[in-house]
Each structure stands twice: as C-alpha cells, then as structure tokens.
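Worksheet: the structure to be examined is printed underneath.
Each chain gets a letter, A, B and so on, in the order its sequence line appears, and its residues count up from 1.
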Protein chains: 2
Amino acid sequence: MEKEGRISCSSYEIGERADILDTKVRKDLSSFGQFGIAGRGYKIKNLKKKIEEIIGKDSIWKIAVIGVGNLGTALLKYPGFKEECCKIVLAFDSDPQKIGKIIDSVPIYDIESIEREIRKNNLKIGIIATPSEEAQNVVNRLIKSGIKALLNFAPVSLSVPDDIKIIDIDLTARLEALAYYLTHK
Amino acid sequence: MEKEGRISCSSYEIGERADILDTKVRKDLSSFGQFGIAGRGYKIKNLKKKIEEIIGKDSIWKIAVIGVGNLGTALLKYPGFKEECCKIVLAFDSDPQKIGKIIDSVPIYDIESIEREIRKNNLKIGIIATPSEEAQNVVNRLIKSGIKALLNFAPVSLSVPDDIKIIDIDLTARLEALAYYLTHK
DNA sequence: ATAATATTGTGTTTTTTTTCACAATAATTG
DNA sequence: CAATTATTGTGAAAAAAAACACAATATTAT
Ligand SMILES: NC(=O)c1ccc[n+]([C@@H]2O[C@H](COP(=O)([O-])OP(=O)(O)OC[C@H]3O[C@@H](n4cnc5c(N)ncnc54)[C@H](O)[C@@H]3O)[C@@H](O)[C@H]2O)c1
Ligand SMILES: NC(=O)c1ccc[n+]([C@@H]2O[C@H](COP(=O)([O-])OP(=O)(O)OC[C@H]3O[C@@H](n4cnc5c(N)ncnc54)[C@H](O)[C@@H]3O)[C@@H](O)[C@H]2O)c1
C-alpha cells in the first residue's frame with residue numbers, strides 16, 4: 001500500500017489483502033498496542049514502523065547459508081532479503097569446487113571452519129540448504145557455534161534443544177497439500 | 001522410518017518426530033479412518049500407503065513453473081519432487097535467452113504460449129517464480145488456462161477466485177519470524 | 001489361562017482462536 | 001452543531017483445536 005502511494009488504510013482493507021477478517025487484524029495488532037485511529041484507520045507508514053519494531057527489524061540480522069547448491073545459490077543471489085531485516089553474510093559448503101568462491105559478495109567457506117566463522121561473526125540465524133542426510137549434523141555444529149534460529153529446507157525433521165527455534169520449509173509437503181485439495185474439492 | 005528398516009511404530013514415535021503429541025497424531029488420522037492396531041501401533045508401509053491415498057499421491061500431478069530465474073531453476077533441477085507425487089513438466093519465461101532451453105528435461109516455453117500449453121497438457125498445478133510485479137498477471141493467465149492450485153514464491157498477496165487454492169511461500173516473512181523469536185525470547 | 005504391557009480410537013474437557021457485537025471516537029455533511 | 005459515516009479496540013460468545021482420560025484390544029510373559 002505504501003508503494004501505491006496510500007497514506008492510510010482500514011483493518012478491513014488489510015484483511016482483504018491478507019484474506020482474513022478485519023476483526024482478526026485488529027485483535028492481532030491489539031496484543032502489541034493501539035496503532036489505529038477510530039473512524040480513520042491506520043497511518044500506513046506508522047503501522048509499518050510499529051510492526052517492524054515488533055518483529056525486531058530495527059536490528060539487522062546477519063545470516064549464514066549452509067549448502068550452496070541449487071537452492072542455496074538462489075538464496076545468495078536474492079536481493080529481496082537485504083531490503084528487509086535479513087542479510088546473508090556467510091555461506092558454507094563441503095565441495096572444494098565451491099569453497100573460496102564469492103557469490104553476490106557472500107564468501108563461501110569450508111564447512112570445516114563453520115564453528116570458528118559463525119562464532120567470530122556472532123551469527124544467530126542459519127539456513128539449512130544441504131542434502132537431507134547432512135542436515136542433522138550441520139544443525140548440531142551450528143547450535144554448538146551459537147546459532148539460535150534456523151530455516152530448514154531439507155525434508156527431514158531435525159532434533160534441536162528447546163531454546164532453538166526452527167522453521168521448516170517443506171516444498172514437497174506444500175505441493176502435496178495442493179494435490180490433496182485437488183483430489184478432495 | 002521405512003528407510004530405517006522399521007516395520008511398525010506408535011503414534012507416540014510419530015509425534016516425537018513431528019514434534020506433536022501422540023494424541024494429535026491419532027485424532028488427525030482418525031478423521032480419515034482407522035489405520036492402527038490397538039497395542040501394536042501402525043504398520044509403517046500400510047500407513048504410508050493410506051496417507052498417500054488420502055493426499056491423492058496415486059495420481060501423478062503434472063506441474064508448470066512460471067519464471068525460470070534463480071529460484072525457478074533450482075526447482076527444475078530438484079529431483080525430490082519426482083520421487084513424490086509431483087512432476088514438473090513445463091516451464092515458462094519471458095526472456096528470449098531462456099525460451100527454448102531445456103533444464104533437466106523440462107522445456108522452457110515462451111510465456112506468450114502459456115494458455116495453449118497449459119490447456120494442451122491439462123495441467124492443474126502451477127508454481128509462481130516470477131518477479132512480484134508480474135505475478136498477478138501470470139496468475140490471471142494460469143487461471144484462464146484451467147489451473148486450479150498455485151504455489152506462490154512472489155512476496156505479494158494475489159487475488160484468485162474462491163475455487164482456486166493458493167499457498168504462499170514467503171521466505172522473507174519466515175526469516176522475520178525467526179528475527180521476532182530472537183528479539184522476544 | 002491369567003496377568004501384565006503396549007497402544008489404539010474416541011468421548012469429554014480444556015485451551016486457543018476466531019468471530020461477533022458494540023461503545024467510543026474522529027471526521028464529514030447538512 | 002447535530003446527525004451521519006467510518007472505523008477502532010475490546011469484552012463476550014462461538015467455534016475450532018488440542019489435550020486428557022479411558023475402555024477396548026492385541027501381544028507377550030508367567
Ligand atoms: N532445489 C530445490 O528446489 C529444493 C526443493 C525442495 C527441497 N530442497 C531441499 O533443499 C536442500 C538443498 O537442495 P539443493 O537442490 O540445493 O541441493 P544440491 O545438491 O544442489 O546442493 C546441496 C549443496 O550442499 C553441499 N553440501 C553437501 N554436504 C554438505 C555438508 N556436510 N556441509 C556443507 N555443505 C554440504 C553440496 O556440496 C551442495 O553444494 C536439500 O535438502 C533438498 O532436499 C531443494
Ligand atoms: N531467489 C530466492 O531465493 C527468492 C527468495 C524469496 C522469494 N523469491 C521470489 O521468487 C520469485 C523469483 O525469484 P528469483 O530470484 O528466481 O528471480 P529472478 O529474477 O532470478 O527470476 C525471475 C524470472 O522470471 C522471468 N520473468 C519475468 N517476467 C516474466 C513473465 N511475465 N512471465 C514469465 N517469466 C517472467 C525472468 O525472465 C526470470 O527468468 C520472485 O518473486 C522473488 O521475490 C525468491
């Protein structure tokens with residue numbers, strides 16, 4: 001909406017775009033504070049800033065990608081993350097052909113140096129883009145190095161301690177959800 | 001578990017791996033039928049087959065990828081989909097440099113031929129991997145061509161009719177969820 | 001054959017999420 | 001300046017999801 005030049009909007013409009021009810025938009029926001037004006041709605045700029053504060057976008061989170069294959073490379077080349085709070089600053093791979101290369105100004109390090117580099121740069125977020133078989137081992141090393149949050153593309157369920165947040169992106173499962181819809185609708 | 005050579009398992013074990021309670025595993029399965037044996041658990045092979053039937057994996061779903069950039073290419077090269085119910089059979093791009101190429105035996109067609117090719121091949125699932133600005137237009141054309149389900153990687157909310165299923169994969173939003181966790185835990 | 005153990009499927013309860021309903025408020029119109 | 005309109009924030013109600021509790025059942029051990 002900001003890009004469209006809009007100044008303010010109602011919870012109804014937000015809900016329309018997010019495909020949820022206006023009342024849910026307001027209830028959800030209300031758990032963080034009061035950001036709107038009765039009868040007028042929300043100032044888009046202001047609401048965006050408030051949400052960014054809530055998310056923690058003010059601090060820039062530096063990220064490591066493990067596994068620079070098809071998917072890892074796509075992530076390194078994606079400029080969209082930089083525009084948000086997240087910046088990929090390090091990558092790791094086990095393939096000697098890839099180690100030492102730089103993709104979009106992100107250096108690819110030897111996986112064997114992962115503990116040292118993660119600690120040195122004080123990274124807290126890691127993205128798993130290695131083959132499934134390597135994922136648990138990589139995760140163990142990341143956690144030992146101080147990583148606290150993980151985005152996992154490998155289609156395996158990884159065990160992590162309770163204080164580590166892990167979000168799985170299982171694309172095959174998502175496609176299967178579409179297949180389920182098609183067979184049952 | 002099948003790969004590990006296991007024959008049967010309990011709902012407790014499934015829950016442990018999926019990080020949910022055993023009782024939820026059983027309740028969820030119970031909405032499709034009774035697949036277990038009291039006191040013995042589930043036969044892994046059998047349960048897998050039943051779940052595949054529920055999802056609709058018996059029929060192979062042919063898929064089109066629109067936008068063969070960094071991400072689209074990674075998807076085309078991913079062998080994991082073939083092993084499941086989903087097979088990418090067509091790709092589309094607007095870049096003359098890419099049109100006509102074949103990646104991992106998937107031909108890249110001109111976006112201008114999208115309606116014809118989708119209809120001809122009777123595809124029902126599409127993956128959006130174009131820039132955000134193009135996404136809505138591409139979706140409109142896909143729906144006109146008979147596509148019923150969409151996986152969308154563009155970080156925009158797309159409008160589709162009620163009978164079209166769309167699943168959004170917003171990676172930036174997922175990274176922001178990790179940032180939120182780190183700032184608030 | 002009986003007891004002990006493991007574990008399912010489901011009715012009931014609890015918790016969480018979503019929706020409803022409306023008073024409060026800000027701006028606009030007549 | 002009163003009436004009308006738009007829209008928020010929130011307590012209450014409804015709906016949905018998750019967890020609990022346990023009878024039923026299959027197997028193994030005694
Ligand atoms: N490509 C996709 O579209 C796609 C889709 C869904 C899921 N995935 C999953 O994402 C992950 C990556 O997929 P991909 O297609 O990029 O695979 P890929 O084989 O192209 O890349 C894997 C990379 O990891 C590196 N690697 C292997 N072992 C490593 C280790 N121990 N430490 C560090 N690096 C290591 C390899 O050298 C390679 O560069 C896989 O788990 C895959 O199942 C990918
Ligand atoms: N690369 C990533 O890791 C990543 C991460 C998050 C989100 N995304 C999103 O996924 C989408 C694709 O990302 P990407 O990095 O592959 O981008 P990209 O620029 O590398 O590729 C986009 C491709 O789409 C093609 N294209 C443009 N207009 C088209 C049209 N009208 N019809 C058909 N093809 C068209 C381009 O020629 C190009 O090949 C974007 O919306 C991006 O925001 C990508």
Restricting both atoms to N or O, compile the protein contacts to nucleotides 20-25 of chain D shorter than 3.5 Å, with distance only.
from: D:dC20; atom 1: N4; to: B:Thr23; atom 2: OG1; distance (Å): 3.3

Residue pairs, two or more places apart or on separate chains, that pass side chain to side chain donor-acceptor pair (under 3.5 Å) and touch residues 173-185 of chain B:
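Passing the test, one end in residues 173-185 of chain B: A:Lys57-B:Glu176.
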Interatomic distance, [X] [atom1] vs [N] [atom2] [rounded to whole Å]:
X: A:Asp19; N: C:dT18; atom1: CG; atom2: P; answer: 13 Å
X: A:Glu13; N: D:dT7; atom1: CD; atom2: C1'; answer: 11 Å
X: B:Tyr12; N: C:dT5; atom1: OH; atom2: P; answer: 18 Å
X: B:Ile7; N: C:dT7; atom1: CD1; atom2: P; answer: 16 Å
X: B:Lys43; N: C:dT8; atom1: NZ; atom2: P; answer: 13 Å
X: A:Lys24; N: D:dT8; atom1: NZ; atom2: P; answer: 16 Å
X: A:Lys50; N: D:dG9; atom1: NZ; atom2: C1'; answer: 16 Å
X: A:Gln34; N: C:dT25; atom1: CD; atom2: C1'; answer: 12 Å

Under-4.0 Å salt bridge between A:Lys43 and A:Glu2:
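No, A:Lys43 and A:Glu2 are not salt-bridged.
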Whether B:Tyr42 contacts C:dG9 is assessed here as follows: a side-chain N or O lying under 4.0 Å from the phosphate OP1 or OP2. Is that the case?
yes
Regarding [X] and [Y], is there a side-chain donor-to-acceptor distance under 3.5 Å anywhere?
X: A:Arg17; Y: B:Ser157; value: no
X: B:Lys120; Y: B:Asn122; value: no
X: A:Ser11; Y: A:Arg26; value: yes

Between C:dA26, D:dA26, D:dT8, which nucleotide gets closest to the side-chain atoms of B:Arg40?
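Between C:dA26, D:dA26, D:dT8, the one nearest the side chain of B:Arg40 would be D:dA26.
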Which comes earlier along DNA chain C counting from the 5' end, the contact point of B:Leu29 or that of A:Ile20, where each point is its nearest nucleotide?
B:Leu29
In Å and rounded to the nearest 0.5 Å, what is the CZ to NZ distance from A:Phe81 to A:Lys87?
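Spacing of CZ (A:Phe81) from NZ (A:Lys87) equals 13.0 Å.
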Has B:Asp19 got more than 12 heavy atoms of other residues, nucleotides or ligands less than 6.0 Å from its CG?
no
